[in-house]
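Let me begin by presenting the structure, written as structure tokens, before commenting on it.
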Amino acid sequence: MIISNSLLFQKHKNSLIMLLVFTILHLPLLFLGPVNLEFAFGDLIKFFQNGNTLYFEQFTFYQANTIGLSFLGWLVSFFNFGINEILTIRILNLFGAIIFVLSFLKIANYFKIKNIFFINLFIMISPIFWTFSTRSTADMLPAALIMLSYSLFLYSKDDIHKTIIAALLFGLSLILKPLLIFMYIFFICLYFVDKQDFNLIKLLLFFLLSFLILFIFISLVYLNFDYVITSVKFISIHLKTSLSLFFNNFVLYTGFITLALSPFIFLGNFTKFIFKYFLWFVLGYIVIFFLGYTYIYDTGEMNFSFLENIIPKSIFNGILLITTIIFFSSFYLNRPFHKNNVINRYFFICILFSLIFLSLMRPSQRYILILLPFCFFLLPKINFKNKRILYSTAVLILFVDLFISVNQYLKASVSKDMLDQISKYELIKITDPGVINGSYGNYFFIYKDLQKEYIVVDYIDENSILSSSKKILFLKYNYSLIKSQ
């Protein structure tokens, strides 16, 4: 094992150095202000510490996730590091990002994937991976545990202990994020790749043990809190579907994945085909763009963050329909370059099944985090030849990541300033937090049933009572407190 890991270090030395740089860059991001309801996970740790049911009620009001991540945060807090609850979970997720990358290297090595350095680079700088590596949410750590479980299972062969550990890790990930249950398909379909190493008995043991862990957790939570995975309110929201909604969600998911695979997916045989039939492609994509512009709509959390303040959402919808067509046509046109069609079909079928499963529920770009490495595995070697384009795109994406971090700083900073002003004038009880709810809604939650006289809005009103503004380059936040209508 030591020799194997030593060889892996030598083989992926550059990727590991890059991981170290990534980790160092993310250390200051751990201390940015809270956004996206991070407080719900952090405050739930307090519930386990002091039994105040208000924190549990707040969590179930804001979150569709299980209590698993906060419970894990509570266990970690026993070591008494003297850090706050949100920071505790953020550190767990940054640790998860490291596990994710190390597991990815082992998985890529198993399948003899080429160009691992570039794949690893673009995974780590992808806005999804960059952002959720230091967010207090149940996304990065569960995905990392799935990756670790998968890597152990691949190398388990006749070692039943590795299989059991892999199952335990998978079960733990399901406790933190039950939605990831669709990842079973990646394990099940290994039977069709190698029936000897991944026989039915081994797969059955893995499934039963991992699912048993989830079942025990759900049962204990139900017995103690009369609460299963999420509240009825969120179940109705997440499971609301129709054929048109399913298709719309599927387009959004595949479109986002295609953008995450840029520029690789546009290179190779796909580019040659475009140049050969350039006029037809242009005309075709113009038609597809207008179809997406007209009929595709944003659902769930499928958005482009602050970029939508610059470019209309409908334009992005048109682009996403185009990239969905590119997603499938690119893989079809690159078939001649794949040396191992069995492995290629395995990953394609697993990804397709996963996207179908995800499209049946309320979508979020966060859910494709776990699928990114496997999508990159579908790209042939020829798509990585133009190093100049790859490095140039990497620099561009890194700038986007930095803007995302700056955007988080601005949003949380302005929200905190508004909270401080509202607290100073003792207006919290009669104020609807409005646009600062995602950052500091926990300060207002206890008074949510009281009549509200004021609301925080994302613009400066001439009749505003309080206001705050911050700007860096073209990123700007203007918040003000106004009388409720």
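As the structure is a prediction and not an experimental result, all values here were calculated from the model. Because only heavy atoms are used, hydrogens play no part in the values below, and waters and symmetry mates are left out as well, while side chains stay in.
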### Message
With side-chain contact (heavy atoms from CB on, under 4.5 Å) as the criterion, how do S359 and Y253 come out once you've worked through the C-alpha distance, each side chain's angles and the decisive distance to 0.1 Å?
### Response
CA-CA 8 Å; S359 298; Y253 272 122; 3.7 Å; yes
### Task
Apply the test ring-ring contact (aromatic ring centres under 6.0 Å, His included) to residues F118 and Y391: give CA-CA distance (whole Å), side-chain angles for both, the deciding distance (0.1 Å), then the verdict.
CA-CA 9 Å; F118 280 109; Y391 281 120; 5.2 Å; yes
Please check if atom [atom1] in [X] has more than 12 non-hydrogen atoms from other residues, nucleotides or ligands closer than 6.0 Å.
{"X": "I160", "atom1": "CD1", "value": "no"}
{"X": "I201", "atom1": "CD1", "value": "no"}
{"X": "F328", "atom1": "CZ", "value": "yes"}
{"X": "Y222", "atom1": "OH", "value": "no"}
{"X": "Y297", "atom1": "OH", "value": "yes"}
{"X": "F182", "atom1": "CZ", "value": "yes"}
{"X": "F290", "atom1": "CZ", "value": "no"}
{"X": "F211", "atom1": "CZ", "value": "no"}

Is the [X] ring parallel, tilted or perpendicular to the [Y] ring (thresholds 30°, 60°)?
{"X": "F59", "Y": "F41", "result": "perpendicular"}
{"X": "F353", "Y": "F357", "result": "parallel"}
{"X": "F170", "Y": "F206", "result": "perpendicular"}

Do [X] and [Y] come within less than 4.5 Å of each other through their side chains, counting heavy atoms only?
{"X": "T324", "Y": "I288", "answer": "no"}
{"X": "L355", "Y": "I257", "answer": "yes"}
{"X": "N115", "Y": "F376", "answer": "no"}
{"X": "L25", "Y": "L29", "answer": "no"}
{"X": "F56", "Y": "T60", "answer": "yes"}
{"X": "I185", "Y": "S354", "answer": "yes"}
{"X": "L30", "Y": "I91", "answer": "yes"}
{"X": "L105", "Y": "L16", "answer": "yes"}

### Message
With side chain to side chain donor-acceptor pair (under 3.5 Å) as the criterion, how do N65 and Q63 come out once you've worked through the C-alpha distance, each side chain's angles and the decisive distance to 0.1 Å?
### Response
CA-CA 5 Å; N65 288 281; Q63 280 293 336; 2.7 Å; yes
Do [X] and [Y] have ring centres separated by under 6.0 Å?
{"X": "Y62", "Y": "F39", "answer": "yes"}
{"X": "F129", "Y": "F122", "answer": "no"}
{"X": "Y155", "Y": "Y150", "answer": "no"}
{"X": "F347", "Y": "F111", "answer": "yes"}

Of the non-hydrogen atoms in [X] and [Y], which two are nearest, and what is the gap between them?
{"X": "H26", "Y": "S133", "result": "CD2-CB, 3.9 Å"}
{"X": "S173", "Y": "P142", "result": "CB-O, 3.5 Å"}
{"X": "I98", "Y": "L19", "result": "CG2-CD2, 4.0 Å"}
{"X": "M124", "Y": "S15", "result": "CE-O, 4.5 Å"}
{"X": "L475", "Y": "N407", "result": "CD1-N, 4.1 Å"}
{"X": "P34", "Y": "A412", "result": "O-CB, 3.7 Å"}

### Task
For side-chain contact (heavy atoms from CB on, under 4.5 Å), just list the numbers for T134 and L32, CA-CA rounded to whole Å, side-chain angles, deciding distance to a tenth of an Å, and then say yes or no.
CA-CA 9 Å; T134 48; L32 291 176; over 6 Å; no
### Task
Show your reasoning for whether side-chain contact (heavy atoms from CB on, under 4.5 Å) applies to I397 and W130.
CA-CA 10 Å; I397 295 174; W130 177 277; over 6 Å; no
Nearest 0.5 Å please: distance from the [atom1] atom of [X] over to the [atom2] atom of [Y].
{"X": "L174", "Y": "F215", "atom1": "CG", "atom2": "CZ", "answer": "14.0 Å"}
{"X": "L252", "Y": "I368", "atom1": "CG", "atom2": "CD1", "answer": "10.5 Å"}
{"X": "L154", "Y": "D194", "atom1": "CG", "atom2": "CG", "answer": "10.5 Å"}
{"X": "L291", "Y": "I296", "atom1": "CG", "atom2": "CD1", "answer": "8.5 Å"}
{"X": "F246", "Y": "N248", "atom1": "CZ", "atom2": "CG", "answer": "11.0 Å"}
{"X": "L152", "Y": "L168", "atom1": "CG", "atom2": "CG", "answer": "10.5 Å"}

### Summary
By salt bridge (Lys or Arg N to Asp or Glu O under 4.0 Å), D197 pairs with (sequence neighbours left out) K157
## Note on the structure
Hits for salt bridge (Lys or Arg N to Asp or Glu O under 4.0 Å) against R90, two or more places apart or cross-chain, chain-then-number order -> E38
For [Y], is there any backbone N or O sitting under 3.5 Å from a side-chain donor or acceptor partner on [X]?
{"X": "T323", "Y": "L259", "result": "no"}
{"X": "N224", "Y": "L220", "result": "yes"}
{"X": "T88", "Y": "N84", "result": "yes"}
{"X": "T131", "Y": "I128", "result": "no"}
{"X": "S415", "Y": "I436", "result": "no"}
{"X": "N93", "Y": "L141", "result": "yes"}
{"X": "Y191", "Y": "Q196", "result": "no"}
{"X": "S210", "Y": "A167", "result": "no"}
{"X": "K177", "Y": "A138", "result": "yes"}

### Message
Apply side-chain contact (heavy atoms from CB on, under 4.5 Å) to residues I86 and I45 and explain how you reach the verdict.
### Response
CA-CA 9 Å; I86 288 180; I45 293 178; over 6 Å; no
### Query
Without hydrogens or angle criteria, can the side chains of T137 and R135 be said to hold a donor-acceptor pair below 3.5 Å?
no
#### Entry: Donor on one side chain, acceptor on other, N442 and Q58, under 3.5 Å
no
### Sole candidate of T294, N317, I319, L321 that passes side chain to side chain contact (heavy atoms under 4.5 Å, CB included) when paired with F289
I319
### Message
Does K202 qualify as a cation-pi partner of F153, given the criterion of NZ or CZ under 6.0 Å from the six-membered ring centre and within 45 degrees of its axis?
### Response
yes
### Query
Quick one: ring-ring contact (aromatic ring centres under 6.0 Å, His included) partners of F48, sequence neighbours excluded?
F71, W74
